There are 2 protein chains.
Amino acid sequence: MASLAPHNHDHRKLAGAPLVTAARATMLAAGEQWTDMRAAVFDVLAGLDHPASAYAITDAVSKALGRRIAANSIYRILDLFVAANVALRVESANAYLVNAHPECLHDCLFLVCDGCGKATHVDDEAISKQIRATAAAAGFRAERPVIEVRGRCAACCA
Amino acid sequence: MASLAPHNHDHRKLAGAPLVTAARATMLAAGEQWTDMRAAVFDVLAGLDHPASAYAITDAVSKALGRRIAANSIYRILDLFVAANVALRVESANAYLVNAHPECLHDCLFLVCDGCGKATHVDDEAISKQIRATAAAAGFRAERPVIEVRGRCAACCA
DNA sequence: CGCGCAATGTTATACTATATCAGGGAGCCA
DNA sequence: TGGCTCCCTGATATAGTATAACATTGCGCG
């Protein structure tokens with residue numbers, strides 16, 4: 001275990017079982033349950049290599065469970081996940097993504113490729129601070145910055 | 001805050017007739033027509049004090065023209081407007097807004113109030129440059145930054 | 001005139017998101 | 001145990017956002 005300084009931003013990404021464990025712990029800490037259904041949704045999210053729509057996730061969960069799940073139920077769970085910071089939403093793509101380090105909370109920036117659809121999650125405190133400062137200067141109370149860059153990733157620029 | 005752009009970024013906001021004239025000129029310069037329909041949509045946009053959904057705009061245009069316009073037609077025109085930079089889209093709100101200075105092109109930042117729904121349009125080259133630099137550092141070609149801050153405006157904080 | 005082209009109309013449909021109420025299981029307490 | 005509440009999920013309906021596909025109109029031009 002790396003040391004947990006006040007917040008050293010050692011952002012190694014979790015994956016596999018440790019990620020599930022961390023997500024579960026985060027949910028429990030938020031006073032939310034970790035049900036079979038939620039675990040199934042999380043597994044699907046964690047298995048994606050790019051953000052997916054709620055309906056795509058619904059299809060994948062349905063397939064995984066062998067029975068039809070209503071989109072409705074998936075939305076409820078995704079909303080909880082986002083609120084608890086174990087999942088993230090890409091506003092400009094109406095899509096959801098697992099949060100590979102659910103234990104630290106900060107504004108995040110997505111580089112969203114219009115070629116392959118993949119999103120790279122970047123944390124940059126300098127940008128975040130600057131945006132929040134700009135908002136504050138305008139007398140605006142920033143609650144949820146949405147910072148996304150549409151464009152082309154290195155692989156898709158070719 | 002060095003101002004090295006080709007133009008001086010004197011961002012006085014246009015309104016009323018001069019704004020329409022500027023928008024029209026911008027569209028023509030982009031090789032697009034300025035039809036009665038487009039003028040009607042633009043008038044509605046220019047009369048809004050906060051971003052509105054395509055359907056709300058459809059209703060307003062329909063009312064202004066005294067006949068029912070299909071949402072479809074409005075979407076087409078809004079898309080053109082956004083492409084030509086005479087209108088802007090707030091991704092996190094699925095809403096459209098007139099661009100009060102259509103003649104200069106830059107990334108923009110919206111402060112979107114969850115209380116009153118108003119959006120403040122801020123231009124900040126420092127943030128824009130930093131975001132683009134971050135993207136470039138990741139080998140990502142930034143084409144369209146989406147920078148929006150959800151929160152509460154000064155009036156709604158009270 | 002006849003043709004092509006762009007804009008708009010018309011209709012249908014896909015996609016995204018939420019509301020509402022019913023059912024069912026776990027824990028709690030008399 | 002029985003009954004109770006609370007939360008999660010199911011089921012259904014509907015609202016809201018966006019695009020597809022083809023028809024029609026009107027205008028400029030040879």
Side-chain angles (χ1 to χ4, degrees), chain A residues 24 27-28 30-45 51-62 64-84 86-97 112 114 117 146 148 150, chain B residues 24 27-28 30-45 51-62 64-84 86-97 112 114 117 146 148 150:
Chain A
R24 182 174 171 283
M27 284 285 281
L28 295 178
E32 297 291 349
Q33 300 182 29
W34 188 256
T35 65
D36 288 351
M37 187 74 220
R38 293 174 189 188
V41 174
F42 191 83
D43 283 349
V44 165
L45 271 183
S53 76
Y55 279 80
I57 292 166
T58 299
D59 290 346
V61 171
S62 297
L65 297 184
R67 67 197 167 92
R68 191 67 207 169
I69 305 297
N72 180 336
S73 297
I74 301 298
Y75 271 105
R76 276 190 294 234
I77 292 171
L78 289 173
D79 288 350
L80 280 176
F81 281 1
V82 170
V86 307
L88 303 163
R89 178 176 155 87
V90 182
E91 293 291 339
S92 69
N94 300 323
Y96 299 84
L97 192 58
V112 184
D114 291 323
V146 173
E148 303 172 3
R150 308 300 303 233
Chain B
R24 182 174 172 282
M27 283 286 280
L28 294 178
E32 298 290 350
Q33 299 182 32
W34 188 256
T35 64
D36 289 350
M37 187 73 218
R38 292 174 190 188
V41 174
F42 190 84
D43 283 348
V44 164
L45 272 182
S53 76
Y55 279 79
I57 292 166
T58 299
D59 290 346
V61 172
S62 297
L65 297 184
R67 67 196 167 93
R68 190 67 207 169
I69 305 298
N72 184 336
S73 297
I74 301 298
Y75 271 105
R76 276 190 294 232
I77 291 171
L78 289 173
D79 287 350
L80 279 176
F81 281 0
V82 171
V86 306
L88 302 163
R89 179 176 154 87
V90 181
E91 293 291 339
S92 67
N94 300 323
Y96 300 83
L97 191 56
V112 184
D114 291 323
V146 173
E148 303 172 3
R150 307 300 303 235

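Order of the sequence lines sets the chain letters (A, B, ...), proteins ahead of strands, with each chain counted from 1. This structure is a prediction, so every number in the text was calculated from the model and none was measured.
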Student: Round to a whole Å and report the spacing from CG of L78(A) to C1' of dA17(C).
Tutor: 12 Å
Student: Which nucleotide wins on minimum distance to the side chain of Q33(A), given the candidates dA17(C), dT10(C), dC8(D)?
Tutor: dC8(D)
Student: With respect to the phosphate group of dA17(C), does any side-chain polar atom (N or O) of R89(A) fall under 4.0 Å of OP1 or OP2?
Tutor: yes
Student: Given atom CD1 of I74(A) and atom P of dA17(C), what is their separation to the nearest angstrom?
Tutor: 13 Å
Student: Give a yes/no answer on whether the side chain of T35(B) brings an N or O atom under 4.0 Å of OP1 or OP2 in dT8(C).
Tutor: yes
Student: Would you mind reading off the distance between M37(A) atom CE and dG24(C) atom P, rounded to a whole angstrom?
Tutor: 18 Å
Student: Round to the nearest Å and state the distance from F81(B) atom CZ to dA7(C) atom P.
Tutor: 12 Å
Student: Using whole Å, what does the distance between atom C1' of nucleotide dT25(D) and atom CZ of R67(B) come to?
Tutor: 12 Å
Student: How about N94(A) and S53(A): do any of their side-chain heavy atoms sit closer than 4.5 Å?
Tutor: no
Student: For the side chain of Y75(B), counting heavy atoms from C-beta on, which of dT18(C), dA18(D), dA7(C) is nearest?
Tutor: dA18(D)
Student: What is the distance from CG of L28(B) to P of dA7(C), rounded to the nearest Å?
Tutor: 12 Å
Student: Hey, is R150(B) close enough to E148(B) for a salt bridge, meaning N to O under 4.0 Å?
Tutor: no
Student: Name the residue closer to the 5' end of DNA chain C, choosing between N72(A) and I69(B) according to the nucleotide with the nearest heavy atom.
Tutor: I69(B)
Student: Going by modelled atom types, is there a donor-acceptor pair between the base of dG9(C) and the side chain of R76(B) at under 3.5 Å?
Tutor: yes
Student: Check every atom of dT17(D), dT18(C), dG10(D) against the side chain of N94(B) and return the nucleotide holding the closest atom.
Tutor: dT17(D)
Student: Does S53(A) place a side-chain N or O at less than 4.0 Å from the phosphate oxygens OP1/OP2 of dT16(C)?
Tutor: yes
Student: Using only side-chain N and O atoms of R38(B), determine if any of them is under 4.0 Å from OP1 or OP2 of dT8(C).
Tutor: yes
Student: Are V86(A) and R24(A) close enough that some pair of their side-chain heavy atoms sits under 4.5 Å apart?
Tutor: no
Student: Which is true for R68(B) with a 4.0 Å heavy-atom rule: it touches a base, it touches only sugar-phosphate, or it touches nothing?
Tutor: nothing
Student: Closer than 4.0 Å, any side-chain N/O of S73(A) to the OP1 or OP2 of dG10(D)?
Tutor: yes
Student: Quickly work out the D36(B) CG to dT25(D) P distance and round it to whole Å.
Tutor: 18 Å
Student: In whole Å, I'd like the distance from the CD atom of E91(B) to the P atom of dT17(D).
Tutor: 13 Å
Student: So for Y55(A) and dA17(C), does any side-chain atom that can act as donor or acceptor lie under 3.5 Å from a complementary atom in the base?
Tutor: yes
Student: Do D59(B) and R68(B) meet the salt-bridge criterion of a basic N to acidic O distance under 4.0 Å?
Tutor: yes
Student: Please state whether the rings of Y96(A) and Y75(A) are parallel, tilted or perpendicular, taking 30° and 60° as the class boundaries.
Tutor: perpendicular
